[in-house]
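Hydrogens, waters and symmetry mates play no part in the numbers below; they use all other heavy atoms, side chains included.
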Amino acid sequence: MSIIVAGDFVPKADVKPYDPFSDEIKDLFRESEYVLINLETPLTERGKPILKTGKNFRRSPKYAEILKNAGVDCVCLANNHIRDYGNEGVLDTIRFCKEAGLDAVGAGFNSEDAAKPLIKELGGLRVGFLNYCEREFSIAGKNKAGANPFDLIDAYHTIQDLRSKVDKIIVIYHGGIEYQHYPTPEMVKYFRFMIDIGADSVVAHHAHAYSGHECYKGKMIYYGLGNLSFPNTTGIASDSWCIGLMASLSVSENICQPEIKVIDFGNPSLTVNMVREPVMEKHNLTISDISKTISDDVRLEDIWDTQYRAKSKRYLLSLLTGSRLIRKTIGYTNISVGLGTKRTVEILNQFRCDSHRNAMIHSLESSIWKTGDF
C-alpha cells in the first residue's frame, strides 16, 4: 500500500481552469491507495485580500473537481496562503473540496476545528494525518478561520492522544526558509522529536526547493518536497523551482528506505511530468548529498550560520526602515548596517526571551486588528 504526498500546488492565474497533470502522473495517483497535495491557494470567488506580507492568491473553485478527477484524494490546507481571502476563502475552499469528494486537513472555521486530525481506513489500517504550518498570516484563531499553527506542546498532546486510535500517524508540515535546500537545525530537532513521541513519518514542504531525507529510529522523515506545480512570480531565478518530489509512503510496515518520485513542471502550462534518466540520476545524487549533510548536525549548523550571516544585512535593514526602496538601495551597496550596541541588545532581548517575544507579538497584533482583516 502506498500513500503519495506531494508538495505545493497553485495553478496558473488568468487562464481557464485546466488539468495540470500528465497522464503518467494521473495513472500514478489513481494506482496509489491515497494521494495528498498541499493546496496553497484558497478556491473561492468571494472575500477581500487580507492584510499580510507577500502575495494574496485565489483560484477557481472548479479546481476541486479537477484535482479529484486527476486522482488526488486529500488537500492539505495548513499553509501560509489558505487565508489570503479571509474567512470566506477558507470556508469556501473546504466546502468546494468536500463537495468534489476531496478530504481536507489542516484548516477549519477556528483553531480548534483546524487542529482536528484526519483519520482514514487505508489498506486495512487506520491512518491518522496531522497537518501543521508555521505561524504567518494564515493561521486560525478562536473566532477566525485559517490554518493549523504548529506548536510543539500541542503536537505532543495530539500525537499522544491519536496514538491509541490509529495504526499509523503521518505528520505533514509546511514551513522553513524559502528557496533553501536544507531544513533549519530547529526543524530537524522538531521532526525527530515528533517521531520520538509516536509519529510514523514526517513530510515537509514550503521552501519551493526540494530537500533531503533521513531514516530516524526506523521511521522516514522527508525534509522538503518542493513544488508540485506553482507559477514563479518571485522574480528569483531558480533551477530547482520547477523540480519537485513526491514521497511514496509504505505504511503497512516500517520500511526505512526513501521512496521518492522526481517531477518537473518546467513548461508553459506548468503541466506536471515525471523526470526520467539521465536527469533523474542527477537529482538523486543531489538529494543524496543534501541528505548526508542533514544527518551531520555540525555541518548543518555551519551551513545555516553562513546563511544567516549572509542575510543579516537584510534582516537588520527591516528593523531600521519600512521603506522597501531604501532597503533595496542600501542592500546593493557596501554600506554596513548597525543598530548601535545598546539598541541591538534591547531588540535581541525582545526576540530571544520567550516572555518578551510573546508580549511583543501580542502588542503588534493588537495594533493592527483595527486596521482590517489580516
Side-chain angles (χ1 to χ4, degrees), residues 3 5 7 34 36-40 73-83 90-91 93-94 97-98 102-122 125-176 183-184 186-206 214 216-225 247 249 251 254 354 358 361:
I3 295 174
V5 184
Y34 202 66
L36 306 94
I37 71 166
N38 176 52
L39 178 60
E40 197 155 1
D73 298 295
C74 178
V75 290
C76 297
L77 301 179
N79 56 61
N80 55 302
H81 283 285
I82 190 58
R83 191 177 157 75
V90 177
L91 300 178
T93 303
I94 295 171
C97 286
K98 289 185 176 179
L102 289 168
D103 294 325
V105 64
F109 59 83
N110 59 26
S111 54
E112 183 178 358
D113 189 44
K116 290 179 180 177
L118 172 68
I119 300 177
K120 299 294 294 185
E121 289 277 353
L122 302 172
L125 297 175
R126 286 175 63 80
V127 182
F129 297 94
L130 296 171
N131 187 203
Y132 298 102
C133 70
E134 292 180 336
R135 292 173 179 268
E136 294 198 50
F137 296 90
S138 65
I139 63 171
K142 290 182 179 179
N143 299 298
K144 183 174 73 172
N148 182 29
F150 180 73
D151 177 274
L152 191 59
I153 294 175
D154 289 344
Y156 170 84
H157 290 297
T158 300
I159 291 172
Q160 290 289 295
D161 178 68
L162 191 59
R163 186 71 274 172
S164 63
K165 300 175 182 177
V166 299
D167 300 298
K168 300 289 180 179
I169 296 174
I170 296 173
V171 176
I172 302 172
Y173 180 96
H174 191 80
T184 65
E186 291 78 16
M187 288 173 66
V188 174
K189 184 188 297 185
Y190 294 157
F191 291 3
R192 290 173 179 172
F193 181 72
M194 284 192 281
I195 297 293
D196 289 339
I197 61 177
D200 294 286
S201 186
V202 181
V203 185
H205 35 57
H206 171 62
E214 73 169 332
Y216 176 74
K217 295 188 176 180
K219 309 291 177 65
M220 284 305 304
I221 301 175
Y222 296 88
Y223 284 101
L225 301 180
L249 310 179
V251 297
N254 289 332
D354 292 343
N358 291 335
I361 290 170

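- Using modelled atom types and a 3.5 Å distance limit, the side chains of His206 and Asn79 yield no donor-acceptor pair.
- Annotation: Asn358, atom CG; neighbour count of heavy atoms from other residues, nucleotides and ligands within 6.0 Å is above 12.
- With hydrogens and angles left out, the side-chain atoms of Glu112 and Asn110 include no donor and acceptor closer than 3.5 Å.
- Aromatic rings from Tyr190 and Phe150 are positioned such that their centres are separated by under 6.0 Å.
- For Asp167, the salt bridge (Lys or Arg N to Asp or Glu O under 4.0 Å) test picks out no residue, with sequence neighbours left out.
- Between the side chain of Arg83 and the backbone N or O of Ala145, at least one donor-acceptor pair lies under 3.5 Å.
- Atom OG1 of Thr93 and atom CG of Leu39 lie 6.5 Å apart (nearest 0.5 Å).
- Inspection of the Tyr132 and Asp151 side chains reveals no N or O donor paired with an N or O acceptor under 3.5 Å.
- What you find for Gly108 and Ile94 is that their closest heavy atoms are CA-CD1, 3.9 Å.
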For side-chain contact (heavy atoms from CB on, under 4.5 Å), just list the numbers for Ile119 and Leu162, CA-CA rounded to whole Å, side-chain angles, deciding distance to a tenth of an Å, and then say yes or no. CA-CA 9 Å; Ile119 300 177; Leu162 191 59; 3.8 Å; yes
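- Listed for the Ser201 side chain is a donor-acceptor partner under 3.5 Å among the backbone atoms of Met220.
- Side-chain N or O atoms of Asn131 include one that pairs as donor or acceptor with a backbone N or O of Ala78 at under 3.5 Å.
- Within a 6.0 Å sphere centred on OH of Tyr156, heavy atoms belonging to other residues, nucleotides or ligands number 12 at most.
- A heavy-atom distance below 4.5 Å is found between the side chains of Ile172 and Ile170.
- Closest heavy-atom contact between Ala199 and Ile195: O-CD1, 3.5 Å.
- Atom CG of residue Leu130 and atom SG of residue Cys76 lie 10.5 Å apart, to the nearest 0.5 angstrom.
- Sorted by first and then second residue, the salt bridge (charged side-chain N to carboxylate O under 4.0 Å, His left out) pairs involving residues 128-140 (not counting sequence neighbours) form an empty list.
- By the side-chain hydrogen bond (donor to acceptor under 3.5 Å, both in side chains) test, Lys165 pairs with Asp161, sequence neighbours left out.
- Here the closest non-hydrogen pair linking Val5 and Leu225 is O-CD1, 3.3 Å.
- Contact detail for Ala114 and Asn148: the closest heavy-atom pair is O-CB, 3.4 Å.
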Let me see the working for Leu36 and Asp73 under side-chain contact (heavy atoms from CB on, under 4.5 Å), right down to the final yes or no. CA-CA 6 Å; Leu36 306 94; Asp73 298 295; over 6 Å; no
